[in-house]
Amino acid sequence: IRVQGKVYYGSISKPSRILGTLLDITEFKRLQQQKDDFISVASHELKTPMTSIKASMQLLDRLIKVDPTSDKIPQFIDRGNSSLNKMLQLVDGLLNVSKISAGQLALQKTYFSAASMINECCDHIRLAGTHTLVLEGDTGLELHADRDRIEQVIVNFVNNAVKYAPDSHNIIINLGKANDMAKISVQDFGRGISPEYLPHLFERYYRVDSSGIQYSGLGLGLYISAEIIKRHGGKMGVESEVGKGSTFWFTIPLA
Ligand code: ADP
């Protein structure tokens, strides 16, 4: 506790009156600690792809000098490119957070088919071949929303399913309607999340495994997704059972 104010003395030099405020700095310290942790995690997350780009460039430089037609050249260029994409994603995440804080997350709404949007934005899953996306429910569902932003939410759910449920083969995306709202959910059959963590998942910087040893990340994806859904006038939620898997869902007003 920090005390701020003035002490008034009586005639016998003993304090007769203290006027001031008691400031609880526990919360202030927690936020400061969270900020410090975030800066260290963010620097580490950015440094990893940067180190990989540097190594690829050095190897490319050496290779081109020795054998300018080497068939290994495209491999190093691909590696550098994917690290650059990783960096761009991280920086985009940070920029999104600044936009949210400044209240500048503008939406540009159009009409589009949910199924074709999902097929386009999740093509990378098919190409990677590690998981199978199963589209279920009302595949004729039409949305009136900011297509890029809704894609961002779905890609975040799907990428998390791939990252946190590596051995779960199927990822089920369900399209439907609930209480006059469009509802989309993404279900995986991975390790699931313990109930005590669930209320915090959509907080800024929150990660279940905050050490980042097992999985890398900044804890921003779900926070940004929840803000996007809120701006659309919808709701976002999660149901999960340890050892069985998780279902992340959102609703937005029907088109
Ligand atoms: P990040 O993945 O960068 O940590 P997110 O905001 O996307 O950030 O996710 C926050 C946390 O929620 C993750 O750190 C992870 O612990 C947990 N999480 C998200 N999706 C899943 C999932 N499908 N299965 C298990 N845990 C998940």
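Order of listing sets the numbers, starting from 1, for every ligand and every atom in it. All of these numbers come straight from a predicted model, not from anything done at the bench.
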Donor-acceptor check, side chain of Arg207 to backbone of Tyr215, threshold 3.5 angstrom: yes or no? yes
Modelled atom types, side-chain donor and acceptor of His131 and Ser168, under 3.5 Å: no
With nothing but distance in play, are any N or O atoms of Lys163 less than 3.5 Å from an N or O of ligand 1? yes
Which of parallel (below 30°), tilted (30 to 60°) and perpendicular (above 60°) describes Tyr206 and Tyr197? tilted
Taking a hydrophobic cluster as the set of Ile, Leu, Val, Met, Phe, Trp and Tyr residues connected by side-chain heavy atoms closer than 4.5 Å, whether directly or through intermediates, do Leu127 and Ile154 fall within one such cluster? no
Can you find an N or O of Gly192 that's nearer than 3.5 Å to an N or O of ligand 1? no
In this structure, are over 12 heavy atoms from other groups packed under 6.0 Å from Arg126 atom CZ? yes
Give the numbers and elements of all ligand 1 atoms closer than 4.0 Å to a heavy atom of Gly217. 3 (O)
Counting non-hydrogen protein atoms only, what is the nearest one to atom 12 (O) of ligand 1? Give residue, atom name and distance. Leu201 CD2, 3.4 Å
Could you tell me whether Arg231 and Glu227 make a salt bridge, using a distance below 4.0 angstrom between a side-chain N and a carboxylate O? no
Could you identify the single nearest non-hydrogen protein atom to atom 19 (C) of ligand 1 and state the distance to 0.1 Å? Asn160 ND2, 3.5 Å
Considering Asp209, Ile224, Val208, Ile193 one by one, which has a heavy atom nearer to atom 26 (N) of ligand 1 than any of the others? Ile193
For ligand 1, which atoms, with element, lie under 4.0 Å from some heavy atom of Asn156? 7 (O)
Look at atom 8 (O) of ligand 1 and find which of Gly219, Ser240, Gly245 reaches it with the closest heavy atom. Gly219
Answer side chain, backbone, both or neither: which part of Asp188 comes under 4.0 Å from ligand 1, heavy atoms only. side chain
Treating Lys177 as the side-chain partner and Leu141 as the backbone partner, does any N or O pair qualify as donor plus acceptor under 3.5 Å? no
Among Phe202, Tyr206, Phe157, Tyr164, which one has a heavy atom closest to atom 1 (P) of ligand 1? Tyr164
Within the 4.0 Å heavy-atom shell around Leu222, which atoms of ligand 1 are there? 5 (P), 6 (O), 7 (O), 9 (O), 10 (C), 12 (O), 19 (C)
Tell me yes or no: between the side chains of Gln33 and Asp37, is some donor less than 3.5 Å from an acceptor? yes
Can you find a heavy atom in the side chain of Asp167 that is under 4.5 Å from one in the side chain of Phe189? no
Those residues at least two apart in sequence (or on a different chain) that pass side chain to side chain donor-acceptor pair (under 3.5 Å) with Ser83 are Ser52
Proximal ligand 1 atoms for Phe248, defined as those under 4.0 Å from one of its heavy atoms: 19 (C), 20 (N), 21 (C), 22 (C), 23 (N)
Counting from 1 in the order shown, the ligand 1 atoms closer than 4.0 Å to a non-hydrogen atom of Leu220 are 6 (O), 8 (O)
For atom 4 (O) of ligand 1, what is the closest protein heavy atom, and at what distance to 0.1 Å? Arg207 NE, 2.5 Å
A student checking ligand 1 against Ser246 at a 4.0 Å heavy-atom cut-off should list atoms 24 (N)
